[in-house]
There are 2 protein chains.
Amino acid sequence: MAERDGPAKRGRLSRALVLAAAVALVDREGLGALTMRRLAADLGVEPMAIYRYTAGKEALLDGLVEAFFAEVNERLRTSADQRDDDGPAWRAELRRIARAFAAVVHAHPEILPVVATRPLTVPVARRPAPLLQLTEHILAVLGRAGFDDAATLTIYRAFVAWNIGRLLVDRRQVVDNPEEPDPLLRLGLHRLPAAEYPRLRALVPRLAEYDDEQELITGLDGLLRGMPEAPLDSFYG
Amino acid sequence: MAERDGPAKRGRLSRALVLAAAVALVDREGLGALTMRRLAADLGVEPMAIYRYTAGKEALLDGLVEAFFAEVNERLRTSADQRDDDGPAWRAELRRIARAFAAVVHAHPEILPVVATRPLTVPVARRPAPLLQLTEHILAVLGRAGFDDAATLTIYRAFVAWNIGRLLVDRRQVVDNPEEPDPLLRLGLHRLPAAEYPRLRALVPRLAEYDDEQELITGLDGLLRGMPEAPLDSFYG
DNA sequence: TCGATTATATTTACCTTGTATACCTACATG
DNA sequence: CATGTAGGTATACAAGGTAAATATAATCGA
């Protein structure tokens, strides 16, 4: 099989193609659908062909992360950003990064769990290059703003934590039965004993009524204002 | 096989036993080791026996989450908490919860990825009871503090996001070669081209030198100070 | 007390998935 | 034109999840 499409039998694949197909597959059908066989079929190729471009399934997941951050970087490079000069420049830049990150998550929501959990268990030095580049950029921004090493790292960790946590929380809850007009029933709330969970029952219907970006940025600003001060900030702030 | 241990062949298992064994297994050998067959072996039972207490592998993972939050609740119930009366009571209580959460994560670090990603894709109403109880508790605390519904939910989301993100980030990076005395080599930094990642190279060796709890609590306070004000706060705060 | 019922665990078997290994083949290069 | 090799295929197996049928201990009605 797999005789269609590419005229040549050779050179059909490439790492970029494989990763793109993987991302597309995950976008369309979720992480669960990402199997070597399925991916191969999408590429019009036998399963083992993929192994020439990625060491295995694990490595393929790391490839998703790579593709993800490549897209974040790309977006940062091209986003002429709406003017946003509240506070010092470094904070504006972190906001810009947070927005880019969020935008890519919204473009590929299914990948988020991988992005959130996988890189953190991988030694820094072997994380995908695009992630390293982004990290370098953030550290450089903070360094230029005048923070010393300890402060830079503290802010960096807080920034990453907030973004990841925030985006995980933003994954709106899947709804039991989208058809049901009554929100109580639609959310499956009849299963929540009202006696035990009064506040929850009252609030859940409104849990999804909020502005992601608003809360992302507001929270980020709040968080960062609580961080150590940069020596130069008082002049520019 | 499986003739040892329990004298009776009947009633060896229970949901609690199964979950406890699953948690123990994951603690010892990581999520990857959690297979139905392995878990069955640990329990001295044939694989299919487990299916009477959990609907399948997915449900088993939800069971991990359930066990996790049961432990958080337990800890909250019994922790006579070190005096901690900075700011309003509701903030002190959120700090207490954050600490309990962090403590349980440290007790079961391998479970965190599951806790961080799984509940968020499950409809609220079918999340495990211990998680619902904790949620109810948080919402109640905020309600009693005088926040209206919108503010309560905003603070709730920020609180959850911060905790999850923070704890994910706290998973220290696995080290390439723990034996190596030179930190540069130990972290595999020789693989980081110094020209491209100057700041990263300089800072990575110190990336793990920080106090988790310190940053967790400090950040939380900063974050919450940026949140909407409760009407009554001015009286108590 | 004894047989029927039922809760509990086992047996068997099947399908999906990841991947090792050996192989084939088009192509560039000497 | 021979030939080495990168790129893709064929085959096969082990590990894992789980459906379905089966065996068996515990419980209970008579």
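Convention: sequence-line order gives letters A, B, ...; per-chain numbering from 1. Just so it is clear, the model here is predicted, and its values are computed rather than measured.
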### Message
Are the side chains of A:Arg99 and A:Ser79 in contact, using a 4.5 Å heavy-atom criterion?
### Response
no
### Message
Just the rounded figure in Å: distance from P of C:dA26 to CZ of A:Arg12.
### Response
12 Å
### Message
What is the distance, to the nearest angstrom, from the CZ atom on A:Arg15 to the P atom on D:dA6?
### Response
18 Å
### Message
Within the structure provided, determine whether A:Gln133 and B:Tyr197 are in side-chain contact (heavy-atom separation under 4.5 Å).
### Response
yes
### Task
State, to 0.1 Å, how close A:Arg199 and B:Asp149 come at their nearest heavy-atom pair, and which atoms those are.
NH2-OD1, 3.6 Å
### Query
Is A:Glu58 salt-bridged to A:Arg118, cutoff N-O under 4.0 Å?
yes
### Task
Could you tell me the separation between the CG atom of B:Leu13 and the P atom of C:dA9, rounded to a whole number of Å?
5 Å
### Message
Among residues 48-64 of chain B, which ones have heavy-atom contacts with DNA chain C below 4.0 Å?
### Response
B:Met48, B:Ala49, B:Arg52, B:Tyr53
### Task
Would you kindly give the CD-to-P distance between B:Glu46 and D:dT24, to the nearest whole Å?
14 Å
### Message
Applying side-chain contact (heavy atoms from CB on, under 4.5 Å), can you list everything that pairs with B:Val160, at least two apart in sequence or on another chain?
### Response
A:Val169, B:Tyr156, B:Ile164
### Task
Starting from C1' on D:dG8, measure out to CG on A:Leu17 and report it in whole angstrom.
15 Å
### Query
Do A:Arg37 side-chain and C:dG18 base share a donor-acceptor contact under 3.5 Å?
yes
### Query
What residues, two or more places apart in sequence or in another chain, satisfy side-chain contact (heavy atoms from CB on, under 4.5 Å) together with A:Tyr51?
A:Met36, A:Met48
